[in-house]
Amino acid sequence: ASSSTASFSRTPATHPLSPRRREAPPREGAVRVLPMGSSDMASQPQSDSVKVAVNVRPLITPELVLGCTDCVTVTPGEPQVQIGPHVFTYDHVYGSTGSSSSLIFEQCVYPLVDSLFCGYNTTVLAYGQTGSGKTYTMGTNYSGESNCGGIIPQVMETIFKKADAMKGDTEFLIRVSFIEIFKEEVFDLLDDPGSVAKAAAPARVPIQIRETANGSITLAGVTEAEVKSKEEMALHLARGSLSRATGSTNMNSQSSRSHAIFTISIEQKRTSSSASEKSTSNEYDILSSKFHLVDLAGSERAKRTGADGLRLKEGIHINRGLLALGNVISALGDEKKRKEGAFVPYRDSKLTRLLQDSLGGNSKTVMIACISPADSNAEETINTLKYANRARNIQNKAVINRDPVTAEMQKLRSQLEQLQSELLFSRSGSAALEELQLLQQKVSLLELKNSELYCELKEREMSCEQLAQRAIATQLEKDQLMLKLESARNGKSWDDIENAGSEQDVDLMKTYISKIQQLEAEVTRQKFTTACRNGLHDRLALDKGMLLDDLGSGCEVGTLEVSSEVDEEEKEREHSSIQEKLDMELQDLDKRLQQKEAEMKQFAKSDTSVLKQHYETKLHEMEQEKRAFQKEIEDLRHALAKLSSSTDECSHKMKDNYLQKLSMLENQVSQLKKKQDAHQQLLRQKQKSDDAAMRLQGEIQRIKSQKGSTSTKDQTRIRAI
Ligand SMILES: Nc1ncnc2c1ncn2[C@@H]1O[C@H](COP(=O)(O)OP(=O)(O)OP(=O)(O)O)[C@@H](O)[C@H]1O
C-alpha cells in the first residue's frame, strides 16, 4: 500500500507505467491535470444524464413483528413505483415484484465497468433512509464471503476477469482506496491494519481535502493500495469495512454512521508490439480511470431511531451532509436553474466536495435509491423517491481520461518527425516534398481508419460479451422455469416452488450453463477449422490442376520451360509448407480433443448413485431438523400470543426474549430450507450435466471420426499434388 495524493479530479494523475513517470510526493502535492478544454489529449465530453434505479427491499422481521404492511406498488412491466397517490418513473426498479434485485449489477453496474475500461470515471451511489438496504445492496459490509451478492464484490470480480482477458496487449495498474466521512471528517479506512477496535478511533488522523488550481479535488495522504488479484482487493474491502463506524439504533441494529467511498483506480497501458498497431495506439496509450462506489449513511429521525448522546450527534452530522447533497441534487436537477447557470453549493459539505465529479462532472453515474416498503416509513420513502426523481435530470460530462504527459510527448514526437522529414525533402526538391506530403496524408487517413476499426472491434467485443452474459441469463431463466414445471408436475405446492432455488443453486446452474456454452463453442470452432481445411485442400487441388494444365499447354520456348520449372519448384515448396502447417493443425486438434475427452471423463467420473444416497440422507436429516425448529417456533408463537395481552414488565421482557428467539429460529429455518433446496437442485443438476456431458462426448466422437477421414483425405490429396 502506498500513501499518496488520491485524486477525485476530472483528469488522471500521471501514469506510473509511462516512460517518464513523475513520482507523486508522499503525502500531498498537486497532481498534474489536464485542463478541461484540451481537445487533443482528452476526448470530447459525453453528455450523460445520471441514471437512477430504485431498489425496494422486502419487509424485514422487525417490521413484520410491528405489523407493518407493504405500501409500495411497482407497476408490472414498467420501471414505475407508486406510493399512495404519488407515481414515480425511473430508469429501473428492482424488488417488490419489479425486476429481481440480482439484475441490478447486470443492468446498472456492468455497463459502468465497461466504461471504466474505456477510460471513463464512473460512480455508483446508494442513497436512502436508514435501514433501507444501502449497505446490503452495495455489499460494503463485505466480510470475505465469496457469494454475498452485493455490488462491490461483483464489480471486483468483473474487473479482474476483464483485465485478465486483456492481459495480452495491455498492462494494468489497479489500486484501491477506502475512506469514510464520519462527523464531517474524512478518515482513511485502509490506514491502520489493526484498526478493528473502535476504541482506537480517536487516534485516527483526519485526511485533508485539497483543491488544485484548476478545481480538481484530491485527498492528501490517503492510502492507495496496489492490488494484483480479486482476493487482494477483497481483503482491503473487508478490512476497511471492519474499520467503518457502525452503531445500533432502533431502526437498524448495524447502522452505518458514516458515508463510505470505496474507489478502484485503473491505469492501463497498451503494449501493442506490431508496428501497425503502434502507429494507431498513440491515442490509447495510457488511460486512467476511477470507479467510486459510494454507500451513504441513511437519513434518520432521532424520534424514530431513539438516538441520544453520541448517536444523536452522529445523526445530526449525517443529516447535515445529506441535506447538502440534497441541495446539490436540487440545484443540478432543476433544469431552469441549470440553464440559468445557478450556483451549485458543492462546498457546503465534505461529501458534496468529494462527489463533485460524480454529480454534474466528469463521471458516468448511477444512483440507486433504496427504499423500505413498510407503511411506517412511507413519508421518508416519498422523500427518497422525490430526490431520486430529481437526480435523473443531472447532466454529467464524462471524458476519456488519457495520461496528459504521454499524450503531450506523443504530440511533440510527431511534430519533430514532421519537421525533420520536411527539412530533408526541402533539400531534395519540391516534387519529393509534395509526394511525401501526399504519402503522409495517406498514412494519417489509414491511421484514422485503423483506429476507428480498433474502436469498432472493442465495441463488438464488448457487445459479444454482453450477449453471452444475456444468453447465460436467459438459459438460466429457462432452466429455472423447467425446474418449476417439473416440481409442479411432481405435485409440489406453489409456495414451495416459489421459495425453491437458493443463490447457491443459481450460481451452480450458471457455472454449468457457461461450461456447456464453452464446450459447444469449442465444438463449433473445431467444425469450422475442419471446414476451412477442406476448403484449403479444394483450392490446392484446383491450383494443382491449373499447374498441370499450364505445363501441358505446350510451352515450346526454352525460357518458358525454365520459368515453369522454377514455378513448379516454388509450388512444391509452398505445398510442403502447407503440409507442415496442416500437420501442426492436426496435432493441435488432437491435443484439444484429448483435453476435451479428459474434461468429459472428469465430468462423468462422479458416481451418481453414491452422491444420490448421500444427498438423500442429508435431505432427510435436514427435514428432521427443520421440523424440530418449526415446532419450537409454533410453541414460541403460542407463548407470545399469551403474553401479548399482559402488560407487566416481566412479561414485556419475556416477550422481547421470545421475539429475539423467534427471529433467530426463523433465520435458522430459512437457512436450512435453502440448504435443503440446494441439495435437491444439486441432484437434478447432476443429472442434467451428465446428459450434457454425454451429448458433448458424442459430438467429440463425431469430430474425431470426421478428423480421421479428413486427415486421410489430406494425405491422399497432398501426395497426389
Ligand atoms: N434486499 C434485501 N433482502 C433482505 N434483507 C435486506 C435487503 N436489504 C436490506 N435488508 C436487511 O435490512 C436491514 C438494513 O439493511 P442495511 O444495513 O443495508 O441498511 P442501510 O440502508 O445501509 O442502513 P443504514 O443507513 O442505517 O446503515 C439489514 O438487516 C439487511 O439485512
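Just so you know, ligand 1 is whichever comes first in the structure, and atom 1 is the first atom listed for that ligand. Any value given below was found using the heavy atoms of this structure, including those in side chains, with hydrogens, waters and symmetry copies removed.
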Pairing of Arg244 and Asp295 as salt bridge, 4.0 angstrom limit: yes
Carboxylate-amine/guanidinium contact Glu465 Lys161, below 4.0 Å: no
Donor-acceptor pair, side chain of Lys134 and main chain of Gln129, under 3.5 angstrom: yes
Gly131, any N or O under 3.5 Å of ligand 1 N or O: yes
For Phe105, ring pair (Phe, Tyr, Trp, His ring centres under 6.0 Å) partners two or more places apart: none
Heavy-atom proximity to atom 13 (C) of ligand 1, best of Thr135, Thr130, Ile60, Val56: Ile60
Where ligand 1 meets Gly298 - atom numbers and elements under 4.0 angstrom, heavy-atom basis: 25 (O)
Sequence neighbours excluded, every pair satisfying salt bridge (charged side-chain N to carboxylate O under 4.0 Å, His left out) that has a member inside residues 64-82: none
Proximity to ligand 1 by part of Pro58, non-hydrogen separation under 4.0 Å: side chain
SB check Lys162 Asp114 (cutoff 4.0 Å): yes
Polar atom proximity, Ala297 to ligand 1 (N or O, under 3.5 Å): no
Options Ser372, Ser132, Ser256, ranked by nearest heavy atom to atom 27 (O) of ligand 1, top entry: Ser256
Atoms in ligand 1 flagged as close to Gln129, the criterion being non-hydrogen separation under 4.0 Å: 21 (O)
